[in-house]
Amino acid sequence: MGKEFKGKDIISINNLKRNEIDLILDVANEIEKNPHKYENCLNRKIMIPLFFEPSTRTKMSFQMAMMQMGGNIIDFNPDLSSRKKGETLRDTSRMVNGYNPNVVIIRHNKDGSAQLVADVISCPVINAGDGQNQHPTQTLLDLYTIKELRGKIDGTKIIMAGDLKYGRTVHSLLTALNLYKDCNVTFISPKELRMPSDFIKDANNVKIEERDLSDLEKSLRDVDIIYMTRIQRERFPKGFEGDDLYEKISRKYCLTLDMLENSGNSHIKIMHPLPKITEVDKKVDDSKYASFWKQAENGLYVRKSLLYLVTGGKNEE
Ligand code: NCD
């Protein structure tokens, strides 16, 4: 299943069709249910994770996925690499290509960096987040979680809250929802951090509404899911009111258990790509609303699916 994926780069949700996404999610589900069948499917395959930005879940789940399927990993620490001496990403990538890995994962703070690496490296390259642009593997695990929660993705009513300007997870999730039918997205953010107009323009198949941060509580009633995001302080450009803005926003922006209980919507679920800082009160963590722990776990199955498909892994039927 999925032979057409062999050798493919995963750079942007824009490069995937709906039936391809559905296939990745189906394979992830099959792997979640039958992990033992895939224990050796990446034998002798080698992954190089080029993480130039901090990562906990994305890096660890890719590494775990590789190891649980019999593959190997080369360790890479940007702070102990030649980047510190001024080597360019293009040169590092060209050199990596010469070692002939089976798959390369790239996370970098520059928009477009994943495509740059894919242009130089001949094996499949997977984008694990390029600046404020895209985070396609997060989106695939988000879609997997939405399907798990609702049984389908069509017709999803979702609030995207927080830093919609610099948050790459909501950018690629919006792009993906545009491929499905009858989705409603409500953006709730501080006015300084609104969803960029280009992403809105491209999502013309999604019904979109924008609301102010002060409308967070009353908006909970009408949706299936609230997708919370962290304020991406490290991406604020210099001169963008910086720390003052962060302090102002983080004081106003917090989803509490009381807000959820008072919403009258007992079915609402909270998703979050994590890490969460102050935007979700910790009393929510063990409530029936919190879906972000299983969402993070789903990253393992979706990344196993991607590694299996793009490297052309062989499972035991
Ligand atoms: C996200 C990211 O890196 O964009 N994290 C993740 O991969 N789960 C979200 C964030 O850092 O806020």
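Every number for a ligand or one of its atoms is a count from 1 in the order of the listing. Both backbone and side-chain heavy atoms feed into the values below; hydrogens, waters and symmetry mates do not.
Heavy atoms of R107 come nearer than 4.0 angstrom to ligand 1 in at least one pair.
Relative to atom 4 (O) of ligand 1, the option among R168, R233, H171, R235 with the closest non-hydrogen atom is R168. Of the options D130, T229, L274, L141, the smallest heavy-atom separation from atom 9 (C) of ligand 1 is shown by L274.
For ligand 1, the atoms closer than 4.0 angstrom to any heavy atom of H135 are 2 (C), 4 (O), 6 (C), 7 (O). Close contacts between ligand 1 and Q138 involve ligand atoms 6 (C), 7 (O), 8 (N) [criterion: under 4.0 Å to a heavy atom].
The proximity of Q232 to ligand 1, defined as any non-hydrogen pair under 4.0 Å, is limited to the side chain.
The aromatic ring centroids of Y227 and F187 lie 6.0 Å or more from each other.
When all heavy atoms of L16 and L179 are compared, the closest pair comes out as O-CD1, 3.8 Å.
E32 and K294 are joined by a salt bridge, as a carboxylate oxygen and a charged side-chain nitrogen come within less than 4.0 angstrom of each other. With respect to E247 and R233, a salt bridge is recorded, a charged nitrogen being found less than 4.0 Å from a carboxylate O.
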Assess the residue pair L149 and M271 against the criterion (side chain to side chain contact (heavy atoms under 4.5 Å, CB included)); give the C-alpha distance rounded to whole Å, side-chain angles, the decisive distance to 0.1 Å, and a yes or no. CA-CA 11 Å; L149 291 171; M271 290 176 60; 4.3 Å; yes

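Looking at atom 8 (N) of ligand 1, its nearest protein heavy atom turns out to be P273 O, 2.8 Å. Protein heavy atom in closest approach to atom 11 (O) of ligand 1: R230 NH2, 3.0 Å.
No more than 12 heavy atoms of other residues, nucleotides or ligands lie within 6.0 Å of CZ in R90, so this atom counts as exposed by the packing criterion.
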